[in-house]
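Chain identifiers are assigned alphabetically (A, B, ...) following the order of the sequence lines, protein sequences preceding nucleic acid strands; residue numbering begins at 1 within each chain.
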2 protein chains.
Amino acid sequence: MHSHAAVALFVRRILLRSVVSPGEVQALSGLEGRRVQASRGQDLVLPGHGVHHATLLVSGLLARFDQMADGRRQITALHIPGDMADLHSVPMPLPAWGIQALVPSVVLQIPHGDLRGLAERKPAIAMAFWRDTVADASILAKWTANLGRADAVTRTAHLICEMGMRMEAHELDQRHDFALPITQAQLADALGLTTVHVNRTVSTLRQECGVLFEQGRVRVGDWTGLVRRGNFDDGYLMLDVKA
Amino acid sequence: MHSHAAVALFVRRILLRSVVSPGEVQALSGLEGRRVQASRGQDLVLPGHGVHHATLLVSGLLARFDQMADGRRQITALHIPGDMADLHSVPMPLPAWGIQALVPSVVLQIPHGDLRGLAERKPAIAMAFWRDTVADASILAKWTANLGRADAVTRTAHLICEMGMRMEAHELDQRHDFALPITQAQLADALGLTTVHVNRTVSTLRQECGVLFEQGRVRVGDWTGLVRRGNFDDGYLMLDVKA
DNA sequence: CGGCACATTGAAGGTGGTCAAATGGGGTGG
DNA sequence: CCACCCCATTTGACCACCTTCAATGTGCCG
């Protein structure tokens, strides 16, 4: 995918939740950045290190993560193409989290200055950016709730539903058949489980809801069953708000 | 505490992380809202219900929470006086979360329109609000990481350190002796544990680090030990960024 | 063909959950 | 002023989900 196509994806993502004038859309579409290739497992942003650009994912899969003292990681967000993985860093350039490529990925590093300038000149864009980080926080809150109160199978089912819905909402794929090139170890870091238990959990969902992880894609045989199993309600994704 | 004093606290909280001109400080200080008294356990905002005001805590203790299908709750944030518990709702007036008073509390309900208007007229204030919600999200990410990867005692120690540091940073109390009128059942909802296990965990911390919960206050005998026990590093609280 | 990373399976153990009951404290009403 | 009740805390016994440790299977790529 070309860089400007990624910017277009990002703009579409913004338009999903915010009303922005044509002129402002154009200003957004004109954003440019440095194209960077990341290898599998590479850290693009290290926890506690300052950054001067935001990371727009062009292709691949990114994870925002927090690191424990002993090096173990907890993934706190997954990002698909078109996502600005750390729009947060615009108002807060010294993040506590890091960003990692889960597969070989291409990103566009967009200077904070450009984004901040845009936000300062156009209040509607400032509000749209703010809204985007709030939607991100809403997802994070749901992850927190699931980690605290849902068991392994429920959590896993919920995550699969979430990623399917997001892929579909961003018009990248269909909810029951979408790209998610993630290993079980990486899933474990996202779900707060061990690799071994993720394996058993995935196997349960394969039997119960026809969930298949194959060749970097997820296919869901029984979507309704999976939604029920994961107690999934997409309200928190903020997909139908328009403000 | 008087309402205008609460607004002053809020302004000070904003100034903790953002540089704002005197004129803008004055505009912020002029914010007004409806004063509302909440009883213990009362829900001020219900999950999935629209709101038209933001909730500034004057006195007491608030929790943002997510609710499971069976009614069990997971607290995703604790708010102390001076906190705007749902500044998020300004750009996103249909939140998936709810807000609950953990003790009898007084809040100021500030109309979204006033806050949005302020943000639209003053880009620096828009940025300051955005920054505030990002700091909130940073705390949320840390909770996620701890729920996913830290055991009960570590999580509890971490939460106590966090609340102590926040109380001190907001100049409400000292880190080793501060107001936190929370029951063990409420702590359980915040820590993703059961009441019974919170009791055992708190008892462990009482022995190991001299942590006492008494009359709505927390006193910490061995702060350094507690920090070590909770793997606490305050970077994620974003207390020393100024932008 | 060999190496490596990932997936899968088995067995045993531990952290935290569940169920149940006792203790303690603060407020209210008799 | 005491009795009572409600709620929170505390403790014990048992159980289960998930972890840990270890080994085997499998697909991809050099």
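Rounded to whole Å, atom P of C/dG16 lies 7 Å from atom CZ of B/R155. Summarising the geometry, the separation between CD on A/Q186 and P on C/dA7 is reported as 9 Å, rounded to the nearest angstrom. With rounding to whole Å, B/L191 atom CG is found 15 Å from C/dT15 atom C1'. Across the protein-nucleic acid pair, B/R200 atom CZ and C/dT18 atom P stand 12 Å apart, rounded to whole Å. Residue A/L193 contributes atom CG, which lies 15 Å from atom C1' of C/dG16 at whole-angstrom precision. Regarding A/Q215, its CD atom lies at a distance of 15 Å from the C1' atom of C/dC6, rounded to whole Å. Across the protein-nucleic acid pair, A/L212 atom CG and C/dT8 atom P stand 11 Å apart, rounded to whole Å. In this structure, the CD atom of A/Q207 is 13 Å from the C1' atom of C/dT9, given to the nearest Å.
In terms of position on DNA chain D, the residue among A/A152 and B/T195 whose nearest nucleotide sits closer to the 5' end is B/T195. For the pair A/D151 and A/V196, nearest-nucleotide mapping onto DNA chain D gives the more 5' position to A/D151.
Salt bridge status for B/R64 with B/D136: present, with a side-chain N to carboxylate O gap under 4.0 Å.
Nearest to the side chain of B/H197, among C/dT18, C/dG17, C/dG10, sits C/dG17.
OP1 or OP2 of C/dT8 lies within a sub-4.0 Å distance of a side-chain N or O belonging to A/R206. Within the 4.0 Å cut-off from OP1 or OP2 of C/dA7, not a single side-chain nitrogen or oxygen of A/N199 is found.
Closest non-hydrogen pair, B/A137 versus A/A137, comes out as CB-CB, 4.2 Å. Looking at every heavy atom in both residues, A/N231 comes nearest to B/A69 through ND2-CB, 3.9 Å.
The main-chain N or O of B/Q42 is never found under 3.5 Å from a side-chain atom of B/S39 such that the two would form a donor-acceptor pair. Between the side chain of B/D86 and the backbone N or O of B/T55 there is at least one donor-acceptor pair closer than 3.5 Å.
In the 5' to 3' direction, nucleotides of DNA chain D lying under 4.0 Å from heavy atoms of chain B begin and end at D/dA8 to D/dA13.
In this structure, CZ in A/R229 is found 7.0 Å from CG in A/L205, a value given to the nearest 0.5 Å. The distance from the CG atom of A/L172 to the CZ atom of A/R12 is 7.0 Å, given to the nearest 0.5 Å.
Among the heavy atoms of the strands lying under 4.0 Å from A/G192 are primed sugar atoms or P, OP1, OP2 only; no base atom is included. Residue B/T183 is in sugar-phosphate contact alone, with no base atom involved, counting any heavy-atom pair closer than 4.0 Å across all strands shown.
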